[in-house]
There are 2 protein chains.
Amino acid sequence: MKSKTKPIIIDGIDKKILRALTTDARTPILEIARHVGISGAAIHQRLRKLEKSKLISGSQFIIDPKVLGYSTMTFVGIYLEKAVNTEDVIRALKKIPEVLECHYTTGDWNIFIKMLAYNNNHLMQLLNTKIQTIVGVSRTESIISLDQQINRQIRI
Amino acid sequence: MKSKTKPIIIDGIDKKILRALTTDARTPILEIARHVGISGAAIHQRLRKLEKSKLISGSQFIIDPKVLGYSTMTFVGIYLEKAVNTEDVIRALKKIPEVLECHYTTGDWNIFIKMLAYNNNHLMQLLNTKIQTIVGVSRTESIISLDQQINRQIRI
DNA sequence: AGTGAAAGTGGATGTGG
DNA sequence: CCACATCCACTTTCACT
């Protein structure tokens, strides 16, 4: 299967549409239309094009974890034992809701995750009872985020 | 100012609303209403409550960076020189669009960032011409994400 | 907290330029 | 690629429970 994904051509109007909708997914199409000076139907067509190109992969309401009491964000580097099925480890990590991201990485660690916890105690508990207990995990190193200064999508 | 944010009480209906809207920000209120068995107006009221509590901090269309050609995601640990104004460094990082996240962290690094690049060459270029040139940055260590297996919000 | 109805607005679509 | 017109669905508000 030749993945013949055409290179997407995005003009200034598309950019304005994307900027509006990546800032607020509920921005009315007609409002964007007024703003860029073409009809709502035209915006609608362009949106279909952008969705078909998979450039837009969906939309989400954003939950603020702090309001739920999650005040500690941590990055955890994970060392795996040599002969281990990494897919099983990923599967186990997926079952831990506090794990938000998980990457195979270059460097010393085999796996790198981003994780939320209520506080440092909870973090320790998660590491000891959830992460370290996964078969194949030999050791972890934690990097706690003291403050997040940037959090955004790629600019369009 | 005592930040007297009441602990939010979220019942099962709120959870269903949030689950629908964090999956697809454009889910019609009436559809959710039919699903949970109360009126649209009631869903609307609850949404106002959730927004007022700041648990919902907004909504976004999600852009897939891969479609734009960004195939390399990298975490970069940054060492700063001793007597440096970290705020200036943050300010400089904010101006680099490829930087998506930026954290003050515990551990060896002072600052930890998540970054996109088109490829390894572009990554090198970004490091050499954008990151390393920031006044106060002494050294960086890069961890390249070979594959991202998990990417999600906190579960509700 | 929730209902139901009313009023206004926006999304979706087809025809035609 | 866009405009216009249409229809239908959705959001929002309010009086009432």
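Here is how names work: the chains are called A, B, and so on, in the same order as the sequence lines, proteins then strands, and each is numbered from 1. FYI, side chains are in, hydrogens and waters are out, and symmetry mates aren't considered; it's all heavy atoms of this structure.
At a threshold of 4.0 angstrom between heavy atoms, the contacts of B:L30 include nucleobase atoms, whether or not backbone atoms are also involved. No contact: B:E31 has no heavy atom under 4.0 Å from any strand.
One interatomic measurement links the two molecules: CD1 of B:I32 to P of D:dC10, which rounds to 11 Å at whole-angstrom precision. Going from atom CZ of A:R48 over to atom P of C:dA12 covers 8 Å, rounded to whole Å. Atom pair A:H44:NE2 and C:dG11:C1' shows a separation of 6 Å (rounding to whole Å applied). A straight line from CD1 of A:I38 to P of C:dG11 spans 14 Å, rounded to a whole angstrom. Between the P atom of C:dA1 and the CD1 atom of B:I43 lies a distance of 14 Å, rounded to the nearest Å.
Other residues, nucleotides and ligands contribute at most 12 non-hydrogen atoms within 6.0 Å of the NZ atom of A:K130. Sparse packing is recorded around CZ of A:R155, with 12 or fewer heavy atoms of other residues, nucleotides or ligands lying under 6.0 Å away.
Closest-nucleotide positions on DNA chain C for A:A41 and A:R34 were compared, and the one nearer the 5' end corresponds to A:R34. When each of B:R26 and B:I13 is assigned the nucleotide of DNA chain C bearing its nearest heavy atom, the one mapping closer to the 5' terminus is B:I13.
Looking at the side chain of B:A42, the nearest of the listed nucleotides C:dG11, C:dG2, D:dC2 is C:dG2. Looking at the side chain of A:P28, the nearest of the listed nucleotides C:dG2, D:dA3, C:dG10 is C:dG10.
Residues B:I10 and B:K15 form a side-chain contact, since some pair of their non-hydrogen atoms from C-beta on lies under 4.5 Å apart.
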Show your reasoning for whether side-chain hydrogen bond (donor to acceptor under 3.5 Å, both in side chains) applies to A:T140 and A:Q132.
CA-CA 8 Å; A:T140 64; A:Q132 305 265 19; 3.2 Å; yes

